[in-house]
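Working notes, beginning with the structure itself.
In this chain, numbering begins with 1 at the start of the sequence shown.
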Amino acid sequence: MKWIAPVFSLLLTAGLVVALNTKIGQVPPFGKFLNPFGGFWANAEVAAENPEEKLSLPDLRGEVTVLFDDNHVPHIFAQNNHDLYYAQGYLTARDRLWQMELQTLDAAGRTSEIIGERTLERDRYTRRRGMVPAAKAALQAMMADPTTREVLEAYSAGVNAYISSLSPAEYPIEYKLLDYAPEPWEPLKSAFLLKQMATTLATGEDDARMSNILEKFGPETTRNLFPDYPFRESPIIPVGTKWTSPLPASPKGEEKRISSQQIPKGQLGKSNETTATAAFVGSPFPLGGRVGDGGFFENAREIGSNNWALHGSKTATGYPMLANDPHLDLTLPSIWYQIQLHGPDVNVCGASLPGAPGVISGFNERIAWGVTNVGSDVMDWYKIKFADAAKSQYVHGGKNLPVKRVVETIKVRGQPDFVDTVLYTHHGPIVYDEGMKPYNGRTPVGCAMRWIAQEPSNELATFYRLNRAKNYADYTEALKFYASPAQNFVFASADNDVAIWPNGKFPLKWKEQGKFLLDGSNPAHDWQGWIPQPQNPHVLNPPRGFVSSANQFSADTTYPYYLGWEFAYYARGERINQRLTAMQRATPDSLRMLQNDNYNIAARDVLAQLLSHVSQNQLSGEQMEAYQVIAKWDKQNNPEAVGPTIFTLWWQYFSEKLWDEFASSPDKPMRFPTR
């Protein structure tokens, strides 16, 4: 019987070894993770790095030197463009490989391959929005251009050079947690990343919720509470700007009225208001709407980008200054990756996106440029009328057109593949079918999605040219290639030019087209073409001496084309323009102070009215203390101040009570009016 204890010990040890080296559900293989030779211990970083590095990598065609500054920002010096982008791919992967992989897998609807069933609905939603064909179409456009093809291939080769250099012990810690090995990089992944930015910044999809509001409250109330232009605005292109002439008229469709009869009957937005975003840990991008940039939904956490350029007539040096503050979500690591690229025909420094070659926002020796999100309405939903029960055909223009069926196979870690069939019309995919598990309250059931991201485009060509631009003419030429997500491209040059273009590929639509659900059987509700790019709103050297944007309306009501009915709250744009108007002999410190300005415009506009309705004699001691704090508050959102907290919570509570009739239900989700 003495053998029982040793055998039991051996079996227990063997079982522990197997268990600790096996991924069980969401639990990583802790044996591998704790291994002192190949586990997380191997991910410790050295105390300091050499500030200069000569890259010795396969496929380099010349000498490449990298200098690192005190913030570990790489400055790459290469003798040819192939090596320049090869080195960018290599160094970005060395610092951000997991971020690059995760965000492109997410964009492709493939996170379930490494995470499992918990992200299946997210992947299904992504696939049904047509992200895969959209990225492939973009890649085809980029690869058709010899220049961008060379850039993409060199960048991908650099990423793969880094991946090939890794042993399992050297994998970033996230791979060890998931028991997953990096897969090779290919240009398609860069295309997915660029399309993911369109998901973040060009998916305003309130059509169903607005249709529910129109159906419940009628056209007059809807028009009053959701106007097409705010009563006060400080548009990006200054009022009084003369538009390019001649301009063709916008299409005349259904803009002459809004009524419930225009809305296709049926389930306008039956779905669950909650989203599954919180279930996906580590998402680099938010989902849905324009809430990711510009405070589109007033109850959401409000963020938004700013940019501006001062003409030399308003600066201390007599030369222009440009500031860009593209504050998307705070993530770890950052969405941005700072870099300098120095080659035979380029010397540019600025912010890049991990996974995409070139600099997105930055400066070179002659120009500077920056971007903020436009937030135009470039996603519309069409109620589809099927001609038969099998949904093999749909009605459009009095004819029956064929429905295209696309089978999406989603690999799920630890489970059989999930197979989904998506129906496509000429408008686009039907994202939600009857009986599907709902994903969010803004995506309508049984409707086809028309989205700008589905159009072939080569945004990389824009940034390649901007990186090398020398003057305003080069800048305008570069913008011709840009489609989505539409951005406010601010510009300044050594020639003392300042300019701004709300630029992208904008559908030619009649007024309010897409504010509500559209009739998929009516050809008048189709997109009618594209606004000619030279006639996108823009201005060069305006008399006021500056240009600026803060995600607000692109232009005033004299602009002849329809870009959308709602943009960011006017407050940031108004405050920026006030400060810039007053600036004289500005310095970089002047712009830094403006970027840190925290004056609360909303409090300026409504606080006195709120306070006037408080009955002080009915307040408790604690309430009176709060009243006195906010009554004396200077409306600066300083971190040590209590007033901003009281005001924010008061306004939020007041809004919820004021608009409680708009509180969403599962069958008829709605949204609150704007401020």
**OP:** Using the side chain to side chain contact (heavy atoms under 4.5 Å, CB included) rule, take N551 and Y569 through it: C-alpha gap first, then chi angles, then the decisive distance, then the call.
**Re:** CA-CA 8 Å; N551 314 114; Y569 181 47; over 6 Å; no
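- Put simply, the side chain of K509 reaches to within 4.5 Å of the side chain of D380, judged on heavy atoms.
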Subject >> side-chain hydrogen bond (donor to acceptor under 3.5 Å, both in side chains) assessment of S457 paired with E459 >> reply: CA-CA 6 Å; S457 59; E459 287 79 16; 2.9 Å; yes
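- Ring geometry for Y394 versus H426: interplanar angle under 30°, hence parallel rather than tilted (30 to 60°).
- With a 6.0 Å cutoff to the six-membered ring centre and a 45° limit on the axis angle, R465 counts as a cation-pi contact of F481.
- Summarising the geometry, atom CG belonging to N212 is positioned 11.0 Å from atom CZ belonging to F516; distances are rounded to the nearest 0.5 Å.
- Here the CZ-CD distance, from R413 to E117, works out to 14.5 Å after rounding to the nearest 0.5 Å.
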Subject >> Step-by-step side chain to side chain contact (heavy atoms under 4.5 Å, CB included) determination, V374 to I236 >> reply: CA-CA 10 Å; V374 173; I236 292 170; over 6 Å; no
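- Of the listed residues (N536, L466, I500), just one forms a side chain to side chain contact (heavy atoms under 4.5 Å, CB included) with F489, and that residue is L466.
- A 4.5 Å side-chain heavy-atom check between R110 and F192 finds every atom pair outside the cut-off.
- Separation of atoms CD (Q533) and CG (L479) is listed at 6.5 Å; rounding is to 0.5 Å.
- Here R128 contributes atom CZ and E408 contributes atom CD; the two are 9.0 Å apart, rounded to the nearest 0.5 Å.
- Using cut-offs of 30° and 60° for the angle between ring planes, the Y482 and F463 rings count as perpendicular.
- Put simply, CG on L517 and CH2 on W381 are 9.5 Å apart, with the number rounded to the nearest 0.5 Å.
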Subject >> Pair Q196-T104, side chain to side chain contact (heavy atoms under 4.5 Å, CB included): steps then yes or no >> reply: CA-CA 8 Å; Q196 183 75 321; T104 51; over 6 Å; no
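- Residues passing the ring pair (Phe, Tyr, Trp, His ring centres under 6.0 Å) test with H427, sequence neighbours excluded: Y382, H396.
- Between R450 and D526, none of the side-chain N atoms (NZ, or NE/NH1/NH2) sits under 4.0 Å from a carboxylate O, so this pair counts as no salt bridge.
- With rounding to the nearest 0.5 Å, the separation of CG in D207 from NZ in K383 is 13.0 Å.
- Here E661 does not pair with K216 in a salt bridge; the nearest charged N to carboxylate O distance is not below 4.0 Å.
- With ring centers used as reference points, W510 lies 6.0 Å or more from Y562.
- F553 meets the ring pair (Phe, Tyr, Trp, His ring centres under 6.0 Å) test with Y229, F567; sequence neighbours excluded.
- Contact check for L201 versus L328: side-chain heavy atoms found under the 4.5 Å cut-off.
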Original post:
Should M100 and K189 be marked as a side chain to side chain contact (heavy atoms under 4.5 Å, CB included) after you check the CA-CA gap, both sets of side-chain angles, and the distance that decides it?
Top reply: CA-CA 9 Å; M100 295 165 62; K189 287 179 173 283; over 6 Å; no
